[in-house]
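Following: one structure in structure tokens, then a few remarks.
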Amino acid sequence: MSKGVTKQSENYSRWYTDVVQKAELADYSPVKGCMVIRPYGYSIWESLQQTLDRMFKDTGHQNAYFPMFIPQSYLEKEAEHVEGFAPETAVVTHGGGKELDEPLVVRPTSETIIWSMYQKWIGSYRDLPLLINQWANVVRWEMRTRLFLRTTEFLWQEGHTAHATFDEAEEEARRMLEVYRTMAEEYMAIPVLTGIKSESEKFAGAVHTYTIEAMMGDKKALQSGTSHNLGQNFAKAFDVQFQNENNELEYVYATSWGVSTRLVGALIMAHGDDQGLVLPPKLAPHQAVIVPIWRNDDQKAEVMEAVDNIASPLREKDVRVHVDDRETVTPGFKFNDWEMKGVPLRIEIGPRDVENDQAVLVRRLTREKATLSMDEVTSTVPDILEDIQQTMFDRALKFREDNTLTTTDYDELREFIDNDSGFVLAPWDGTGETEEKVKDDTRATIRCIPFDGPEVEDGAEDPVSGKPAKHWVYYSRAY
RNA sequence: CGGGGCAUAGCGCAGUCCGGUUAGCGCGCCUGCUUUGGGAGCAGGAGGUCCCCAGUUCGAAUCUGGGUGCCCCGACCA
């Protein structure tokens, strides 16, 4: 195995697959398009899961689990939904050696089976709102796959809620998008654009789709989470009505929202560098790794004692510390290994340090080295981790801002996109034709109509069609 | 599905054009000794249906025919 990874500047997508494999996040599986998530990669997913799960519970949601197999007829009940998902489903036709009476679709998403159950569970306004989330795997038969970013099977969470009014559903969809924004920005240290999807990009079966969009290291966009106001579409398809306070029957209003293991891909591409992965302290499985250094057994005993004198108090302060006491590899190997794996902080302790009652701290993000006294180490590590977390977010935000063009000129837009220079904020007339033309010309799509975009001034025109502009939108090439 | 490429040790490859002893190299792996502050050194060792099937030949990793799998590039997508 060669030592480093392909440089980002040389070939970004090779850099990405190199990092995934060398940081031992995932491996290719025998089944085309599927992947094996290795322990280190899975522990990152667990960090994301734990953080999100707490946020879901804090906003009143409960977890449940629905089956992976869905009767094919269910998927067909909502017209837009079946049109959107039928081409990418896996279908089970046989079980126990016999052909099934009705084929079973392996869920590409669970709206249909969940709403078939909500039909049984919801009768009155007193049953609402119903706020359920599930952690699950789903299968979508994609043409082209990439580790974490798009695999045939992936892990995700999907929230499915039922409400008495459209406004309440709308509020829920926006609330959960805000949860995702918080997750991305405050935990993953990835700034995101929040906004609404255009008609062509919205979820099959939704009234509105809201999204968080992040900029990756190659300046392409990654849709990192979506939240949908489904209106009454699924309630009508599955005949889910409730009696309101006036004893009238009304269809239920729905939302759904999800993020997936794609977030791991977002972490890799938003922060990674030519040394490998760079993880934000709040989500890193190991926040600090201690590398002991010794020449002989006497030194080893001294050094390990000093290591414990640092590791224990740090753990008491809830710092996730890992002591790398492997004897089969050299310290130099360990340095590179943990840098590849993105551990935010490395603490080196050798005989010289023991003698001087000090330790060497190295930050992964900046590779900045500092020598601190043992006491300082235990007292300042939490602050250092917090500082790294903030610095990572600030860097990513500056990167996005430096690579975003605001323009009303189509030639400028095209040139910018053609040079892979990032996001373009431009006025849009709101038509699918314009959107399509930009896509044909540049391969860029409308990522979202941002919530906090500029006001459209009177007389402002769409640079493509010349028609009156309705919104400012972000265009970008995307994963 | 269209276009291009590849298949030889765990991984990455050479050998194939022009058939000929026991199929090599690097990394990794195992054993021992010496090492250990930025990917250690030396010595020894293990490991192969050369993708599959058929054919040509005294002889096939190498030539011929068929098949299979994978990768990359384009049309769909969290």
Side-chain angles (χ1 to χ4, degrees), chain A residues 1-6 11 13-14 17-18 21-22 27-33 83-89 107-109 136-146 148-158 180 197 200-204 206 209-214 221-228 256-266 275-276 291-297 299-300 303 324-340 346-356 358-362 367 369 371 439-440 443 445 447 478-479:
Chain A
M1 188 159 58
S2 62
K3 284 177 179 169
V5 292
T6 306
N11 183 337
S13 65
R14 259 186 71 183
T17 48
D18 283 358
Q21 292 183 85
K22 295 208 168 144
D27 206 347
Y28 292 102
S29 84
V31 181
K32 180 179 162 61
E83 198 185 318
F85 284 105
E88 54 183 67
T89 52
R107 61 179 165 218
T109 179
N137 59 339
V138 287
V139 167
R140 298 184 186 174
W141 218 259
E142 301 289 353
M143 307 266 175
R144 240 184 113 192
T145 56
R146 298 194 62 190
F148 288 111
L149 300 177
R150 181 172 303 105
T151 45
T152 300
E153 179 193 20
F154 57 95
L155 305 182
W156 78 343
Q157 61 65 218
E158 46 181 328
Y180 291 157
K197 283 289 187 186
S200 71
E201 296 275 328
K202 82 171 193 201
F203 178 76
T209 290
Y210 300 108
T211 181
I212 55 171
E213 300 279 330
L222 184 74
Q223 178 177 308
S224 306
T226 48
S227 180
H228 318 288
S256 70
W257 27 273
V259 295
S260 70
T261 35
R262 172 178 267 194
L263 290 182
V264 178
Q275 260 62 248
V291 178
I293 297 153
W294 64 76
R295 286 170 196 277
N296 55 49
D297 284 350
Q299 287 183 343
K300 181 183 169 187
V303 166
D324 185 356
D325 56 3
R326 285 179 289 178
E327 304 204 18
T328 50
V329 291
T330 62
F333 181 92
K334 294 176 185 177
F335 299 166
N336 286 284
D337 193 33
W338 293 113
E339 282 178 6
M340 181 66 69
R346 179 173 77 239
I347 303 172
E348 305 172 17
I349 302 175
R352 281 207 301 270
D353 302 308
V354 173
E355 202 174 314
N356 300 317
Q358 65 181 32
V360 177
L361 266 63
V362 187
R367 305 186 98 198
K369 281 194 186 188
T371 304
K439 189 176 178 182
D440 289 347
R443 279 164 45 216
T445 49
R447 301 319 305 159
Y479 280 96

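Remember, it's a predicted structure, so these values are computed and weren't measured experimentally. Hydrogens, waters and symmetry mates play no part in the numbers below; they use all other heavy atoms, side chains included. Numbered from 1 within each chain, the chains take letters A, B, ... in sequence-line order.
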Which pairs, protein N/O on one side and nucleotides 29-34 of chain B N/O on the other, fall under 3.5 Å?
none

Could you give the distance separating B:U16 and B:A61 at their P atoms, to the nearest angstrom?
14 Å
To the nearest angstrom, how far is A:Gln223 atom CD from B:A78 atom C1'?
6 Å
Salt bridge (charged side-chain N to carboxylate O under 4.0 Å, His left out) against A:Arg146, all qualifying residues, sequence neighbours excluded:
none
Rounded to whole Å, CZ of A:Phe85 lies from P of B:A78 at a distance of 7 Å
Whom does B:C70 pair with, Watson-Crick or G-U wobble, provided both distances fall under 3.5 Å?
B:G5
A:Asn11 CG - B:C71 P separation (whole Å):
16 Å
Rounded to the nearest 0.5 Å, what separation is found between the CD atom of A:Glu348 and the NZ atom of A:Lys369?
5.0 Å
Between C1' on B:G39 and NZ on A:Lys22, what's the gap in Å once rounded to a whole number?
11 Å
Using a 5.5 Å cut-off between ring centres and planes within 30 degrees, is A:Trp156 stacked on the base of B:A78?
no
Run the side-chain contact (heavy atoms from CB on, under 4.5 Å) test on A:Arg326 and A:Asp337 for me, step by step, so that the C-alpha distance in whole Å, both residues' side-chain angles and the decisive distance to 0.1 Å come before the verdict.
CA-CA 12 Å; A:Arg326 285 179 289 178; A:Asp337 193 33; 3.1 Å; yes
Could you grab the distance from atom CZ of A:Arg346 to atom CG of A:Leu361, nearest 0.5 Å is fine?
10.0 Å
For nucleotides B:C33 and B:U21, find the distance between their C1' atoms and express it as a whole number of Å.
37 Å
With side chain to side chain donor-acceptor pair (under 3.5 Å) as the criterion, how do A:Arg107 and A:Thr109 come out once you've worked through the C-alpha distance, each side chain's angles and the decisive distance to 0.1 Å?
CA-CA 5 Å; A:Arg107 61 179 165 218; A:Thr109 179; over 6 Å; no
With the side chain of A:Arg262 defined as its heavy atoms from C-beta on, choose the nearest nucleotide among B:A78, B:G38, B:G37.
B:A78
Distance in angstrom units between A:Asp324 CG and B:G37 P, rounded
13 Å
Base, sugar-phosphate or nothing for A:Glu339? Non-hydrogen atoms, less than 4.0 Å.
base
One should read off an interatomic distance between A:Gln358 CD and A:Ile349 CD1, to the nearest 0.5 angstrom, of 10.0 Å
P atoms of B:C58 and B:G19, separation to the nearest Å
15 Å
Could you check whether A:Leu149 gets within reach of a base, just the sugar-phosphate, or nothing at all, counting any heavy atom under 4.0 Å?
base
By the 4.0 Å heavy-atom rule, please label A:Arg146 as base, sugar-phosphate, or nothing.
nothing
Does A:Asp297, at its CG atom, have more than 12 non-hydrogen atoms belonging to other residues, nucleotides or ligands within less than 6.0 Å?
no
Sticking with atom P, work out how far B:G10 lies from B:A46, rounded to a whole angstrom.
16 Å
Sequence-distant partners of A:Phe154, ring-ring contact (aromatic ring centres under 6.0 Å, His included), two or more places apart
A:Trp156
Nucleotide opposite B:G55 in a Watson-Crick or G-U pair, distances under 3.5 Å
B:C63
Would you mind pulling out the nucleotide paired to B:A46, Watson-Crick or G-U wobble, both distances under 3.5 Å?
none
Map A:Pro87 and A:Arg367 onto RNA chain B by nearest heavy atom, then report which one ends up closer to the 5' terminus.
A:Arg367
Which of the following nucleotides, B:U36, B:C76, B:G37, is nearest to the side chain of A:Lys439?
B:C76
Determine the interatomic distance between C1' on B:G12 and the same-named atom on B:C18; round to the nearest Å.
27 Å
Is A:Thr330 close enough to B:A40 that one of its side-chain N or O atoms is under 4.0 Å from OP1 or OP2 there?
yes
Using whole Å, report how far CG of A:Asn296 lies from P of B:G37.
14 Å
Ignoring backbone atoms, establish whether A:Arg352 has a side-chain N or O less than 4.0 Å from OP1 or OP2 of B:G37.
no
C1' spacing across the pair B:U22 / B:G38, given as an integer number of angstrom
42 Å
Now, which nucleotide makes the Watson-Crick or G-U wobble pair with B:A75, with each of the two distances under 3.5 Å?
none
Do A:Asp337 side-chain and B:G39 base share a donor-acceptor contact under 3.5 Å?
no
Test salt bridge (charged side-chain N to carboxylate O under 4.0 Å, His left out) applied to A:Lys300 - qualifying residues, sequence neighbours left out:
A:Glu327
Of the listed nucleotides B:A75, B:A78, B:G37, the one nearest the side chain of A:Glu142
B:A78
Could you check whether A:Phe154 gets within reach of a base, just the sugar-phosphate, or nothing at all, counting any heavy atom under 4.0 Å?
base
Would you kindly give the CG-to-P distance between A:Asp18 and B:C11, to the nearest whole Å?
16 Å
Side chain of A:Pro331 only, heavy atoms from C-beta on: which candidate in B:U36, B:G38, B:C76 is closest?
B:U36
Distance-only donor-acceptor test (3.5 Å): side chain A:Arg443, base B:G74:
no
Between B:G37, B:A78, B:U36, which one does the side chain of A:Glu348 approach most closely?
B:G37
Which nucleotide, in any strand shown, forms a Watson-Crick or G-U wobble pair with B:A40, with both distances under 3.5 Å?
B:U34
Please tell me which of the listed nucleotides, B:U36, B:A78, B:G37, lies nearest to the side chain of A:Thr226?
B:A78
Note: for A:Met143 and A:Val5 on RNA chain B, the residue whose nearest nucleotide lies more 5' is A:Val5
G-U wobble or Watson-Crick pairing nucleotide for B:U22 (cut-off 3.5 Å, both distances):
none
Please give the distance between the P atoms of B:A23 and B:U35 as a whole number of Å.
40 Å
Set of residues satisfying ring-ring contact (aromatic ring centres under 6.0 Å, His included) with respect to A:Tyr180, sequence neighbours excluded:
none
Applying a 4.0 Å non-hydrogen cut-off, can you work out what A:Lys369 is touching in the nucleic acid: base, sugar-phosphate, or nothing?
base
Nearest-Å distance once atom P is located in both B:C52 and B:U68:
15 Å
Rounded to whole Å, please give me the gap between CD in A:Gln21 and P in B:G28.
18 Å
Under 4.0 Å, counting only non-hydrogen atoms across every strand here, what does A:Gly258 touch: a base, just sugar-phosphate, or nothing?
nothing
Over all strands shown, is A:Val291 touching base, sugar-phosphate only, or nothing at heavy-atom distances under 4.0 angstrom?
nothing
With sugar-phosphate meaning primed atoms plus P, OP1 and OP2, does A:Ser256 contact a base, only sugar-phosphate, or nothing at under 4.0 Å between heavy atoms?
nothing
Applying side-chain hydrogen bond (donor to acceptor under 3.5 Å, both in side chains) to A:Thr209 and not counting sequence neighbours gives A:His228
